[in-house]
Amino acid sequence: MPLSLLCDEHIPYQVVQGLRRRDIDIITVQELNLSSAEDEKIIERAVEEERVIYTQDTDFLRLHKSGYMHYGIIYHHQQAYSIGEIIRNIILICQTISKQEIKGHVRFL
């Protein structure tokens with residue numbers, strides 16, 4: 001089953017649009033009315049919907065390290081890649097990693 005993503009508010013909207021055009025199941029925190037919500041609340045919502053969090057926020061890495069349960073985190077450092085490279089890398093992850101493989105783990109771009 002393909003990955004479903006919950007996109008943190010720091011991800012450029014061009015990335016979200018590009019992933020949607022390529023049929024990636026992605027929803028943003030803004031669309032869930034979770035803008036400026038605490039990271040724990042975002043993780044809880046992602047767990048409810050079995051979504052992988054896609055973020056540039058290191059606070060999610062801290063929560064992962066502390067043992068907070070999640071369905072996976074995809075992280076990349078801000079401005080590490082162009083928009084096109086980000087989209088290609090996320091698609092590759094979504095096509096090659098299962099929900100079971102990423103659950104509770106972090107993948108770095």
Side-chain angles (χ1 to χ4, degrees):
M1 184 171 220
L3 299 182
S4 299
L5 305 178
L6 173 56
C7 187
D8 194 20
E9 60 193 320
H10 302 291
I11 302 299
Y13 195 67
Q14 300 94 322
V15 173
V16 175
Q17 291 173 318
L19 291 170
R20 285 183 175 153
R21 281 194 299 271
R22 289 155 181 89
D23 296 321
I24 301 297
D25 178 11
I26 186 168
I27 192 163
T28 66
V29 294
Q30 295 91 331
E31 293 164 334
L32 295 174
N33 296 317
L34 292 173
S35 294
S36 302
E38 294 194 13
D39 296 331
E40 292 85 353
K41 180 73 174 166
I42 294 169
I43 288 180
E44 289 170 13
R45 184 62 180 268
V47 167
E48 287 173 17
E49 297 188 14
E50 297 185 11
R51 290 184 178 271
V52 174
I53 296 171
Y54 171 43
T55 187
Q56 294 177 323
D57 184 349
T58 57
D59 289 339
F60 286 100
L61 301 179
R62 179 184 50 78
L63 289 170
H64 165 75
K65 190 172 183 175
S66 73
Y68 215 89
M69 199 286 248
H70 58 82
Y71 272 80
I73 297 170
I74 298 172
Y75 174 85
H76 81 264
H77 189 271
Q78 294 181 3
Q79 300 176 356
Y81 299 101
S82 71
I83 299 294
E85 289 172 317
I86 292 168
I87 292 168
R88 284 188 294 278
N89 287 331
I90 295 296
I91 289 169
L92 183 62
I93 289 171
C94 289
Q95 291 176 340
T96 60
I97 298 176
S98 71
K99 282 186 173 185
Q100 294 76 23
E101 290 173 314
I102 200 167
K103 185 177 179 182
H105 296 279
V106 176
R107 295 286 186 227
F108 295 89
L109 294 186

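Computed from a predicted model, the values in this text were never measured in an experiment. Values below: every heavy atom of this structure, side chains too, minus hydrogens, waters and symmetry copies. Numbers here are sequence positions counted from 1.
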Visitor: Could you walk me through whether Ile97 and Arg107 pass the side-chain contact (heavy atoms from CB on, under 4.5 Å) test, one step at a time?
Guide: CA-CA 10 Å; Ile97 298 176; Arg107 295 286 186 227; 3.1 Å; yes
Visitor: Would you kindly confirm whether Val52 and Ile87 end up in one hydrophobic cluster when ILVMFWY residues are joined by side chain heavy atoms under 4.5 Å apart?
Guide: yes
Visitor: Examine Leu6 and Met69 and state if one hydrophobic cluster contains both, with Ile, Leu, Val, Met, Phe, Trp and Tyr joined whenever side-chain heavy atoms are less than 4.5 Å apart.
Guide: yes
Visitor: Treat each ILVMFWY residue as a node, draw an edge where side-chain heavy atoms are under 4.5 Å apart, and state whether Ile83 and Leu5 are in one component.
Guide: yes
Visitor: If Ile, Leu, Val, Met, Phe, Trp and Tyr residues are connected whenever their side-chain heavy atoms lie under 4.5 Å apart, and connections chain through other members, are Ile27 and Ile93 in the same group?
Guide: no
Visitor: Are the aromatic rings of His76 and Tyr54 close, with centres under 6.0 Å apart?
Guide: yes
Visitor: Does one hydrophobic cluster hold both Ile86 and Val16, with members joined at side-chain heavy-atom distances below 4.5 Å?
Guide: yes
Visitor: Output yes when a side-chain donor or acceptor of Tyr81 lies under 3.5 Å from a complementary backbone atom of Asn89, and no otherwise.
Guide: no
Visitor: Arg20: which residues meet the salt bridge (charged side-chain N to carboxylate O under 4.0 Å, His left out) condition with it, sequence neighbours left out?
Guide: Glu31
Visitor: Donor-acceptor check, side chain of Glu9 to backbone of Ser36, threshold 3.5 angstrom: yes or no?
Guide: yes
Visitor: Judged by atom type as modelled, is there a donor-acceptor pair below 3.5 Å linking the side chain of Asp57 to the main-chain atoms of Asp59?
Guide: yes
Visitor: Is there a side-chain contact (heavy atoms from CB on, under 4.5 Å) between Lys65 and Val106 once you walk through the steps?
Guide: CA-CA 10 Å; Lys65 190 172 183 175; Val106 176; over 6 Å; no
Visitor: Spell out, as yes or no, whether a donor-acceptor pair under 3.5 Å connects the side chain of Arg22 to the backbone of Gly18.
Guide: yes
Visitor: Can you tell me if Thr58 uses its side chain to pair, donor with acceptor, with the backbone of Leu61 under 3.5 Å?
Guide: no
Visitor: With Ile74 as reference, evaluate Ile102, Ile11, Thr55, Ile53 under the side chain to side chain contact (heavy atoms under 4.5 Å, CB included) test and give the passing residue.
Guide: Ile102
Visitor: Hey, what do you get for CG (Leu3) to CZ (Arg51), rounding to the nearest 0.5 Å?
Guide: 11.0 Å
